[in-house]
Amino acid sequence: MLQTVAAPKSLASLSKEKARLLEIIKQKSLLKGSFKLASGATSDYYLDMKPTMFDAEGGYLIAEIIYELLQHEFEIDSIGGLELGAVPIISTVTARSWGGHPISGFVVRKEKKGHGTDKQIDGNFKSNTNVILLD
């Protein structure tokens, strides 16, 4: 199958995408109130990134920005992370990478399912390859 290599984006274009993503995060993911953090501390604000990650434009921008950073800075074979939180980003970045430098994806389960393949790492993880882990 013929693959075309995407030209790198200009810094100005990437800056515009970052600025737009920040607007979406402020609109959809920045919550104000009183929130208990995992550390036990409290905060007056909380970033719930799922609304941004599952937004069509937000997901697209996240994928564009991460892919642009990865394809030019590292020799990455795959991208992965812990189940649920990292899955939307992994999916969009792997899809975006098609047509350029393809990056496979995988997810790490907190514990094995106990059925099916019973794997703790699902997807396209291969030993002795360069990976980026998201948390």
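We count residues from 1, following the sequence as given.
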Hydrophobic clustering (ILVMFWY, side-chain heavy atoms < 4.5 Å, transitive) - are [Y] and [X] grouped together?
X	Y	answer
Tyr45	Met49	yes
Phe54	Leu31	no
Val87	Phe106	no
Ile62	Leu14	yes
Ile103	Leu69	yes

**Q.** Step-by-step side-chain contact (heavy atoms from CB on, under 4.5 Å) determination, Asp122 to Thr117
**A.** CA-CA 9 Å; Asp122 261 332; Thr117 61; 4.0 Å; yes
Q. Do Leu47 and Thr52 touch side chain to side chain, with heavy atoms closer than 4.5 Å?
A.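 Answer no - side chains too far apart.
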Q. Would a 4.5 Å heavy-atom cut-off, applied to side chains only, mark Lys126 and Asp77 as touching?
A.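 Contact flag for Lys126/Asp77 side chains = no.
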Q.
Please enumerate all residues that pass side chain to side chain donor-acceptor pair (under 3.5 Å) together with Asp48, with sequence neighbours excluded.
A.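 Not a single residue meets the side chain to side chain donor-acceptor pair (under 3.5 Å) criterion with Asp48.
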**Q.** Residue list, side chain to side chain donor-acceptor pair (under 3.5 Å) with Glu23, at least two apart or on another chain
**A.**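 Residues passing side chain to side chain donor-acceptor pair (under 3.5 Å) with Glu23: Arg20.
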Q.
For a side-chain contact (heavy atoms from CB on, under 4.5 Å) check, start with the C-alpha distance between Thr92 and Tyr67, then their side-chain angles and the critical distance, and finish with the verdict.
A. CA-CA 9 Å; Thr92 57; Tyr67 179 70; over 6 Å; no
Q.
Between Gln120 and Lys112 (side chain of the first, backbone of the second, donor and acceptor by atom type, cut-off under 3.5 Å), is there such a pair?
A.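 Here the side-chain-to-backbone pair does not exist.
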Q: Spell out, as yes or no, whether a donor-acceptor pair under 3.5 Å connects the side chain of His101 to the backbone of Leu70.
A: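 Side chain of His101 to backbone of Leu70, a donor-acceptor pair under 3.5 Å: no, none is there.
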Q.
Does Lys119, at its NZ atom, have more than 12 non-hydrogen atoms belonging to other residues, nucleotides or ligands within less than 6.0 Å?
A.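 Not more than 12 within 6.0 Å, no.
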Q | Greater than 12 external heavy atoms within 6.0 Å of Asp118's CG | A |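 Atom CG in Asp118 is crowded, with more than 12 foreign heavy atoms closer than 6.0 Å.
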Q: Test side-chain contact (heavy atoms from CB on, under 4.5 Å) on Ile66 and Arg96 and set out the steps.
A: CA-CA 10 Å; Ile66 291 175; Arg96 167 56 188 92; over 6 Å; no
Considering all heavy atoms, the nearest [X]-[Y] contact:
X	Y	value
Ile76	Ser78	CG2-O, 3.2 Å
Leu82	Asp135	CD1-OD1, 4.0 Å
Ala86	Gly81	CB-CA, 3.8 Å

(Q) Tell me which one of Ile90, Leu133, Asn124 satisfies side-chain contact (heavy atoms from CB on, under 4.5 Å) with Ile79. (A)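 Among Ile90, Leu133, Asn124, the one that satisfies the side-chain contact (heavy atoms from CB on, under 4.5 Å) with Ile79 is Ile90.
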Q. Is Lys110 salt-bridged to Glu83, cutoff N-O under 4.0 Å?
A.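 Not counted as a salt bridge, because no side-chain N and carboxylate O are separated by less than 4.0 Å.
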Q. When rounded to the nearest 0.5 angstrom, what distance separates NZ in Lys26 from CG in Leu21?
A.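 The CG atom of Leu21 is 11.0 Å from NZ of Lys26, to the nearest 0.5 Å.
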Q | CD1-CG distance between Ile132 and Asn130, expressed to the nearest 0.5 angstrom | A |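 So the CD1 of Ile132 and the CG of Asn130 are separated by 8.5 Å.
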Q.
Can you list everything that forms a salt bridge (charged side-chain N to carboxylate O under 4.0 Å, His left out) with Asp55? Sequence neighbours excluded, please.
A.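 Asp55: salt bridge (charged side-chain N to carboxylate O under 4.0 Å, His left out) contacts with Lys28.
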